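Only a predicted model underlies this, so the values are computations on that prediction, with no experimental measurement involved. Residues take their numbers from the sequence shown, with the count starting at 1. Numbering of ligands and ligand atoms starts at 1, following listing order.
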Amino acid sequence: MSRSTVHAIALQDLRPGRTGAVPRGTPGERLHDRLGRPLRDLRISVTDRCNFRCGYCMPKEVFGKDYPYLPHAALLSFEEISRLARLFLAQGVRKIRLTGGEPLLRKDLERLVAQLAALRTPEGLPADLTLTTNGSLLARKARALRDAGLRRVTVSLDGLDDAVFRRMNDADFPVAEVLRGIDAALAAGLGPVKVNMVVKRGTNEQEILPMARHFRGTGVVLRFIEYMDVGATNGWRLDEVLPSAELIARLRAELPLVPLQAAQPGETAQRWGHAQAGVHDPALGEIGVISSVTQAFCHDCNRARLSTEGRLFLCLFASQGHDLRALLRGGAADEDIAAAIAGIWQGRSDRYSELRATQAPDTANAARRVEMSYIGG
Ligand code: SAM
Ligand code: SF4
Ligand code: SF4
C-alpha cells in the first residue's frame, strides 16, 4: 500500500466556537487510555524519506524512484511540531523521540531540536529529547545536534561485517561510516548511545556475537530487536524471527550475562548485564532485547506516534491516524487541540502484539497497515 492510501480519522470541527462535544482533559491531570495506560512517550516522524532501503522497512521494490513521498507542504512545519509537542507535554508526555524515515535528512533539523529543547513540562523540566537515526549523517551532525539541545541518540546498526551491512541497508553504505557516527555521538556527549540491531534469521544472525563483543565495555547499550511484521510491504515471515530467548541463550553460551531490573515502567527492552564472577559489572555495560513478537509488551505501552503529515497513531500496527494537522491549519485554539489529544488517548484500546500472539492474523488489516518509515519506529 502506498502511504497516500492511509486513512485519517476525521476529527470534529474544532474551530473556535464549534467545540461542543469533544471530551476535555483537566490540565495537569494524568491521561489514561481505556486499558489504564498513561501517555508518556511521543515519537515524531519528521520525514518519510530515507537514504537506506533496509528490506524489513523500505524494500527497494516498493520504495523505488516513483514512490509517492509526501510533498513538502504536507509535512508539519517545525513550528507546528513544536506547538503540538508543547501540548503533548502538558498532557503527560515526558519523552520525545525524533524519527522517520531518516530524521537527519530533514533540512535544518537542529532548529527543530532547539525549539523542542526549550519546551518545559508542567513541573518546569525539559523533555527527555532523543533521536533514532541510521547513523549515516551522524558524524557530520552530532555536535550541532548536541549544541541545539539533543540529549541522546539511538543508532540502528544491523551488523559489523561490511558485506552483511551493505546488504541489509541495500544502499551499499559502508559500516565504517556508521561506526564513525557512533564515535562522534559519544564524543559530543550524546550518551548513553544506544545501538539497535534488527535480527533476521538467516540474514544477519551471525553478527549477534561480534556485535555484543564489539560494544562490551564501550558505554554503548546494544539492543537486539525481533524482526516485526510492521507495515504491509516487507514480506514478513515468522520463520525469519529469531526469538529473544534463543538469542540470549546463544549469547550466554559465550559471554557471561545476568538479568537486570527494568529501569522504568513501559520500557520496551529486557536488560541483561555483562558479568564477572556471576555479578553485573557496570564497566562492561549491558545489552537489551526487544521481544515485540515473542513477548508482547502492550500492557504498558505508553507511546503515541505523530506521522510526518501530522496524524496521530496510537499503535505501530494501526491502519488509521487522527488528523491533527487539520486542526492546526484550521485555526483551532490550543485548548481545543489539547482536548482532542485527550479524547483520542482516552479512547485508545490498541494492543496489536498481544492479540497477534493469541489470534489468527487479520490479513485484511495487515494490507492496510501504515509503513514504519511514515509513522516512525
Ligand atoms: N531511519 C532511522 C533508523 O533506522 O534508525 C529511524 C527510523 S526506523 C523506522 C526506526 C527503527 O525501526 C530502526 O531501529 C529500525 O531498525 C526499526 N525497524 C524498522 N523496521 C523494522 C521491522 N520490520 N522490525 C523491527 N524493527 C524495525
Ligand atoms: Fe531507513 Fe531506518 Fe527504515 Fe532502514 S529502518 S529503511 S534506515 S527508515
Ligand atoms: Fe504498543 Fe501497539 Fe506495539 Fe502493543 S503493538 S506495544 S500497543 S505499539
Strictly distance-based, threshold 3.5 Å: is any side-chain N or O of [X] a donor or acceptor partner for the main-chain N or O of [Y]?
| X | Y | answer |
| --- | --- | --- |
| Asn204 | Glu207 | no |
| Asp48 | Leu70 | yes |
| Arg271 | Leu260 | no |

For this session: Go through Phe165 and Phe173 one step at a time and tell me if the ring pair (Phe, Tyr, Trp, His ring centres under 6.0 Å) criterion holds.
Result: CA-CA 8 Å; Phe165 182 64; Phe173 197 86; 7.0 Å; no

Which ligand 3 atoms are under 4.0 Å away from a heavy-atom of [X]?
| X | result |
| --- | --- |
| Phe297 | 6 (S) |
| Asp350 | 7 (S) |
| Arg305 | 8 (S) |
| Ser353 | 5 (S) |
| Tyr352 | 5 (S) |
| Phe317 | 5 (S) |

Just distances here: any N/O of [X] and N/O of ligand 1 closer than 3.5 Å?
| X | result |
| --- | --- |
| Thr99 | no |
| Asp158 | no |
| Tyr227 | no |
| Met228 | yes |
| Thr132 | no |

Problem set entry | Among Gly55, Cys50, Gly135, Ser156, closest by any non-hydrogen atom to atom 15 (C) of ligand 1 |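 It is Ser156 that holds the nearest heavy atom.
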
Exercise. When you look at CZ of Arg213, are more than 12 heavy atoms from neighbouring residues, nucleotides or ligands closer to it than 6.0 Å?
Worked result: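 Count over threshold, so yes.
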
Exercise. Just wondering, more than 12 heavy atoms not from Glu123 lying within 6.0 Å of its CD?
Worked result: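 Atom CD in Glu123 is crowded, with more than 12 foreign heavy atoms closer than 6.0 Å.
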
Problem set entry | Whether Glu226 lies under 4.0 Å from ligand 1, heavy atom |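 So Glu226 counts as touching ligand 1.
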
Problem set entry | Any donor-acceptor N or O pair under 3.5 Å, side chains Gln295, Gln270 |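 On atom types as modelled, these side chains qualify, holding a pair under 3.5 Å.
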
Exercise. Of all residues at least two apart in sequence or in a different chain, which pass the salt bridge (Lys or Arg N to Asp or Glu O under 4.0 Å) check with Arg111?
Worked result: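 So Arg111 forms a salt bridge (Lys or Arg N to Asp or Glu O under 4.0 Å) with Glu79.
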
Problem set entry | salt bridge (Lys or Arg N to Asp or Glu O under 4.0 Å) against Arg216, all qualifying residues, sequence neighbours excluded |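 Checked Arg216 against salt bridge (Lys or Arg N to Asp or Glu O under 4.0 Å); zero matches.
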
For this session: Would you mind telling me if ligand 1 is within reach of the side chain of Thr133, the backbone, both or neither, using heavy atoms under 4.0 Å?
Result: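 Answer for Thr133: backbone.
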
Output the list of atoms in ligand 1 that are nearer than 4.0 Å to some heavy atom of [X], sorted by atom number.
| X | answer |
| --- | --- |
| Gly100 | 7 (C), 9 (C) |
| Asn134 | 2 (C), 3 (C), 5 (O) |
| Val230 | 22 (C), 23 (N) |

For this session: Please identify each residue that fulfils side chain to side chain donor-acceptor pair (under 3.5 Å) with Arg201, with sequence neighbours left out.
Result: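 Here the qualifying residues are Glu246.
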
For this session: Take atom 1 (Fe) of ligand 2 and tell me which protein N, O or S atoms are nearer than 2.8 Å.
Result: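 Listed by chain and number, the nearby protein N, O or S atoms are Cys50 SG.
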
I need the [X] [atom1] to [Y] [atom2] distance, nearest 0.5 Å.
| X | Y | atom1 | atom2 | value |
| --- | --- | --- | --- | --- |
| Leu89 | Arg120 | CG | CZ | 10.0 Å |
| Thr130 | Arg152 | OG1 | CZ | 4.5 Å |
| Leu179 | Leu138 | CG | CG | 11.5 Å |

Exercise. Salt bridge check: are Arg252 and Glu254 linked by an N-O gap of less than 4.0 Å?
Worked result: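 Salt bridge absent between Arg252 and Glu254.
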
Exercise. Does Glu354 have a heavy atom less than 4.0 Å from any atom of ligand 3?
Worked result: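 Heavy atoms of Glu354 never come under 4.0 Å of ligand 3.
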
